[in-house]
J.: 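Just dropping this structure here.
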2 protein chains.
Amino acid sequence: MEEKFTQKEEHILKVALDVFLEKGLHGTKMQEIADRAGVNKAMLHYYFRSKERLYAMIFEKLFLKFMNAMADSFRPEQNFAATLRHFVGTFIDSMRENPRLPLFVARELSWGGATVQKIMHDLVEQKAVKSPQIMIDELRKAERRGEIRAGFSPIQFIFTLIGACVYPFVARPIAEALFPDLLDDWDTLIEQRKEAVFDLLYNGLKK
Amino acid sequence: MEEKFTQKEEHILKVALDVFLEKGLHGTKMQEIADRAGVNKAMLHYYFRSKERLYAMIFEKLFLKFMNAMADSFRPEQNFAATLRHFVGTFIDSMRENPRLPLFVARELSWGGATVQKIMHDLVEQKAVKSPQIMIDELRKAERRGEIRAGFSPIQFIFTLIGACVYPFVARPIAEALFPDLLDDWDTLIEQRKEAVFDLLYNGLKK
DNA sequence: GTCTATATCTCGATAGAC
DNA sequence: GTCTATCGAGATATAGAC
C-alpha cells in the first residue's frame, strides 16, 4: 500500500485533491491543477500519465477518508449515551475539517461512472473500508441491555444519524441564502450542532 | 411568470431537465439532449440560444421544485405530531418521485458557479421560494402549547429533519455497496422510513 | 423551421528541442 | 526532467441552403 512519491509528486497530488474535491471530475481542468501547483501542464502527464489515472488515485483517497472518518468516530464507551455523544462530536469535527468531503463522495458516485463504482466496490470487497456493521451490533447490544427502547431499525437510525451530521455541510449554500442573518456564525452553529444532534437522537431512542 | 412555450419547446425542456438532472452542467452534452428529444442539435440553439441559457432555465425549475416539495409538504394539522407525520410522509414521497433532485441541487450549488448562486439568491429575494420560516414558527407554537419540550433550537431540528428525509437518496450508492443484501428492497426501506423518521424525531422532541 | 456542413474553441495528450 | 508547440478529439455555436 506504501506508494513512494517524490516531494514534488506529493505536492501535485495535494493540489489535485483540492481541485477535484471542489469541482469533481468533469469540472476539473488539468490546466488549473498545473497552475495552482506551479508546474507545467506537460509534467502532469509525465508524472501521472492521464487525467483518469490521477483522478482515480484522488477519488480512492477521498472515499477512504470519508468512510474512515465515519468508522474512526465510532468507539464503544461505557454506555450507549457516551458512545453516541462521542461519535457525533468526533464525526462532526471531522466533517468540519473537510466540509466538501460528503458532497464530493455523493456527487462522484451519483452519475455512476463505471470507474468510480468499481473503485468503491473493490475497496469494500478487499475490506479496505471498515464496515459500519459494528455500529449496528452496538445498537443491538444497547437494546438488549435495556439502555434504549426496542423495536426500531438500526439501519434506519444510522441513516438518520449520518444524515444529521453531514447534511448541514451539504445544504450550507441554501441555508445561507434563506437565513442570511442566522447563519453568520457558522462555526458556532456547527459547534452547537453536536449537542443538538446527540440530544435529539438519544432522546428519540430512550425508553 | 407565465412563459409561453410551444409544445415542441416544452418537450425539449422536459428532456433537457432529465439529462441535466442526471449529469449536471458539465456532464451534459447538447448532442445527448438533441438525440433523446429526437431533434436536430442546431434546433436547440435555434430555440434556446445557448447551453448556458438552457441550463439556467432548468436549474431554476429544479431548484424551485425541491424547495416547493419541502414547503408544500408542510401543513399544520390538529397537533404537532400529526403535522410532523404528514410532513415526513409527504416529503419522502416527493423525494421518491424525484430521487436525484436533492443531490442535483446540492451538487450544482457546491462548486459555486456564479450563475447558479445568482439564480438562487434572486429567487429567494423575489420570494419565489416559500420560506421555511413557517416551520420554525410552528415549532415554537408547539413548544408554547407544551406539546414538545422547550429549550431546543428549531433551526437545528429542521436540519436534522430535512437531512433525515433526504440523506438516504443521496447516500444510496454507498449504502448499497456496504449492505448489498439489506437493501435489495429499496422501496420497502423507503416506505418504512416514513414511520422510522417520524418516530425517532417525535420521541426526541417529546417531553 | 429544419438540416448539413463547418467554424471556433477548449482540453487532454504528446512530440521533440533543450 | 522540463518546456514550447502542436495535434486531435469532442463540444458549442453558427452559416447558409432548402
Side-chain angles (χ1 to χ4, degrees), chain A residues 3-62 107-108 111-116 118-119, chain B residues 3-61 104 107-108 111-116 118-119:
Chain A
E3 309 202 51
K4 24 191 180 302
F5 289 117
T6 69
Q7 215 173 347
K8 176 171 277 189
E9 285 167 328
E10 288 287 4
H11 175 240
I12 295 174
L13 281 172
K14 172 83 183 66
V15 170
L17 187 141
D18 286 341
V19 183
F20 277 126
L21 187 56
E22 190 178 335
K23 311 199 172 182
L25 173 57
H26 290 306
T28 296
K29 311 300 164 195
M30 293 297 265
Q31 188 63 61
E32 181 170 358
I33 298 177
D35 290 346
R36 282 217 235 170
V39 302
N40 192 284
K41 190 176 57 146
M43 297 310 291
L44 261 51
H45 289 91
Y46 175 75
Y47 284 125
F48 302 103
R49 186 127 197 111
S50 74
K51 183 183 178 181
E52 279 287 319
R53 281 172 57 87
L54 182 55
Y55 172 75
M57 287 179 176
I58 300 292
F59 175 81
E60 182 174 321
K61 243 195 224 291
L62 289 174
R107 178 220 293 152
E108 301 302 301
W111 42 270
T115 320
V116 157
K118 188 176 178 331
I119 294 175
Chain B
E3 308 201 51
K4 25 192 180 302
F5 289 118
T6 69
Q7 215 173 347
K8 177 172 276 188
E9 284 168 327
E10 287 289 3
H11 176 240
I12 296 174
L13 280 171
K14 172 84 183 64
V15 171
L17 187 141
D18 287 341
V19 184
F20 278 124
L21 187 56
E22 192 178 334
K23 312 199 172 181
L25 172 58
H26 292 304
T28 295
K29 311 301 164 194
M30 293 296 265
Q31 187 63 61
E32 181 171 357
I33 298 177
D35 290 347
R36 283 217 234 171
V39 303
N40 191 283
K41 193 176 52 151
M43 298 310 291
L44 262 51
H45 290 92
Y46 174 75
Y47 285 125
F48 302 103
R49 185 123 197 114
S50 75
K51 182 183 177 181
E52 280 287 320
R53 280 172 58 88
L54 182 55
Y55 172 77
M57 287 178 178
I58 301 293
F59 175 81
E60 181 174 321
K61 245 194 221 294
F104 171 85
R107 178 221 294 153
E108 300 302 302
W111 44 269
T115 321
V116 157
K118 188 177 178 328
I119 294 174

J.: Checking all strands, does B:Y47 fall into the base, sugar-phosphate, or nothing category for heavy-atom contacts under 4.0 angstrom?
T.: sugar-phosphate
J.: Tell me, please, which residues at least two apart from A:F59 pass ring-ring contact (aromatic ring centres under 6.0 Å, His included).
T.: A:F63
J.: Going 5' to 3' along DNA chain D, which nucleotides are the first and last within contact of chain A (any atom under 4.0 Å from a heavy atom)?
T.: D:dG1 to D:dT4
J.: Applying side-chain hydrogen bond (donor to acceptor under 3.5 Å, both in side chains), can you list everything that pairs with A:K14, at least two apart in sequence or on another chain?
T.: A:D18
J.: Can you sort out the partners of A:Y55 under ring-ring contact (aromatic ring centres under 6.0 Å, His included), two or more places apart, ordered by chain and number?
T.: A:F20
J.: Between P on C:dT10 and NZ on B:K51, what's the gap in Å once rounded to a whole number?
T.: 14 Å
J.: What pairs of residues pass the ring pair (Phe, Tyr, Trp, His ring centres under 6.0 Å) test when at least one of them lies in residues 27-49 of chain B, not counting sequence neighbours?
T.: none
J.: Donor-acceptor pair, A:E60 side chain versus A:M57 backbone, under 3.5 Å?
T.: no
J.: Report the end-to-end axis angle of the helix from C:dG1-D:dC18 to C:dC18-D:dG1; each axis comes from five terminal pairs, and the value is rounded to 10°.
T.: 20°
J.: By salt bridge (charged side-chain N to carboxylate O under 4.0 Å, His left out), which residues pair with B:K118, not counting sequence neighbours?
T.: B:D122
J.: Going by number, which of residues 37-45 of chain A have a non-hydrogen atom under 4.0 Å from DNA chain C?
T.: A:K41, A:A42, A:H45
J.: Salt bridge (Lys or Arg N to Asp or Glu O under 4.0 Å): which pairs involve residues 31-49 of chain B, sequence neighbours left out?
T.: B:E22-B:R36, B:K23-B:E32, B:E32-B:R36
J.: The criterion is side-chain contact (heavy atoms from CB on, under 4.5 Å); which residues satisfy it with B:E52, sequence neighbours excluded?
T.: B:L25, B:S50, B:T115
J.: Tell me: CD of A:Q31 to P of C:dC11, nearest whole Å?
T.: 9 Å
J.: Report the C-alpha distance between A:V19 and A:I58 in whole Å, list the side-chain angles of each, state the deciding distance to 0.1 Å, and finish with yes or no for side chain to side chain contact (heavy atoms under 4.5 Å, CB included).
T.: CA-CA 10 Å; A:V19 183; A:I58 300 292; over 6 Å; no
J.: Might you work through the side chain to side chain contact (heavy atoms under 4.5 Å, CB included) test for A:V39 and A:V15, ending with a clear yes or no?
T.: CA-CA 11 Å; A:V39 302; A:V15 170; over 6 Å; no
J.: Where along residues 12-30 of chain B does a heavy atom fall under 4.0 Å from DNA chain D?
T.: B:T28, B:K29, B:M30
J.: So, taking the atom named CD in A:E108 and the one named CD1 in A:I119, what distance separates them when rounded to the nearest 0.5 Å?
T.: 10.5 Å
J.: Among all residues two or more places apart in sequence or in another chain, which pass the ring-ring contact (aromatic ring centres under 6.0 Å, His included) test with B:H26?
T.: B:W111
J.: More than 12 heavy atoms of other residues, nucleotides or ligands under 6.0 Å from NZ of A:K29: yes or no?
T.: yes
